[in-house]
Amino acid sequence: MFDPLIRTIVVNGTDIRVGDVVAVGGIPHRIRELREVYPSRKKLTFEDGNTYVLGKLHTIEVSRRFPPLRRVR
């Protein structure tokens with residue numbers, strides 16, 4: 001079995017996903033729920049209950065888990 005890859009990438013508000021980890025104030029938070037609150041914003045609810053509102057066009061750095069790469073022999 002291969003372990004999943006965790007990468008830090010830059011996404012905008014339209015590309016953010018549940019499960020992404022966002023550092024807010026230097027503290028990492030895993031996203032538990034996403035909701036569109038205005039036509040141009042998303043409300044991120046973290047596992048600890050805190051929330052953050054992100055504009056869809058604003059960029060943010062997240063850590064995201066990717067499926068493991070399989071080697072072809």
Side-chain angles (χ1 to χ4, degrees):
M1 263 308 160
F2 294 102
D3 292 328
L5 298 173
I6 297 175
R7 292 186 180 162
T8 300
I9 58 174
V10 177
V11 298
N12 61 26
T14 59
D15 297 327
I16 200 148
R17 300 178 187 172
V18 171
D20 285 349
V21 177
V22 178
V24 179
I27 300 169
H29 297 280
R30 184 175 308 279
I31 299 172
R32 178 183 65 194
E33 182 181 337
L34 288 170
R35 277 192 193 179
E36 192 165 325
V37 290
Y38 297 108
S40 61
R41 290 185 173 81
K42 284 195 176 180
K43 180 179 178 183
L44 315 177
T45 303
F46 302 117
E47 288 181 344
D48 61 4
N50 289 319
T51 60
Y52 184 79
V53 176
L54 178 67
K56 285 187 178 181
L57 299 179
H58 288 100
T59 58
I60 190 167
E61 194 172 272
V62 301
S63 295
R64 182 175 289 171
R65 197 173 233 183
F66 291 91
L69 298 174
R70 302 213 184 268
R71 294 184 186 157
V72 178
R73 292 185 182 194

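This is a predicted model, so every value here is computed, not measured. The chain is numbered in sequence order, starting from 1.
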Check: In chain order, what residues pass the side chain to side chain donor-acceptor pair (under 3.5 Å) check against E47, with sequence neighbours excluded?
Finding: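 Testing E47 for side chain to side chain donor-acceptor pair (under 3.5 Å), a comparison that skips the adjacent residues, returns none.
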
Next item on the list: Not counting sequence neighbours, which residues clear side chain to side chain donor-acceptor pair (under 3.5 Å) with N12? List them please.
Entry: T14

Do [X] and [Y] make a side-chain contact, defined as non-hydrogen atoms from C-beta onward lying under 4.5 Å apart?
X: I16; Y: V22; answer: yes
X: T51; Y: F46; answer: no
X: L44; Y: H29; answer: no

Notebook entry, point to check: Which atoms form the tightest heavy-atom contact between P28 and V21, and what is the distance?
Noted result: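 Closest pair (atom of P28, atom of V21, distance): CB-CG1, 3.8 Å.
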
Note to self: If you compare all heavy atoms of L54 against all heavy atoms of G13, which two are closest, and at what distance to 0.1 Å?
What the structure shows: CD2-CA, 3.7 Å

As an exercise, state the distance from [atom1] of [X] to [atom2] of [Y], rounded to the nearest 0.5 Å.
X: R64; Y: I6; atom1: CZ; atom2: CD1; result: 12.5 Å
X: I9; Y: T59; atom1: CD1; atom2: OG1; result: 12.0 Å
X: K42; Y: L34; atom1: NZ; atom2: CG; result: 5.5 Å
X: R41; Y: H58; atom1: CZ; atom2: NE2; result: 7.5 Å

Check: Any link between V53 and V24 through a network of hydrophobic side chains (Ile, Leu, Val, Met, Phe, Trp, Tyr) touching at under 4.5 Å?
Finding: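 Result: no, two separate clusters.
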
Item checked: Verify same cluster id: F66, I60 (apolar side-chain graph, 4.5 Å) -> yes

Next item on the list: Could I get the full list of side-chain contact (heavy atoms from CB on, under 4.5 Å) partners for E33, not counting sequence neighbours?
Entry: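 Only R35, T45 meet the side-chain contact (heavy atoms from CB on, under 4.5 Å) criterion with E33.
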
Notebook entry, point to check: Does R32 CZ have over 12 foreign heavy atoms under 6.0 Å away?
Noted result: yes

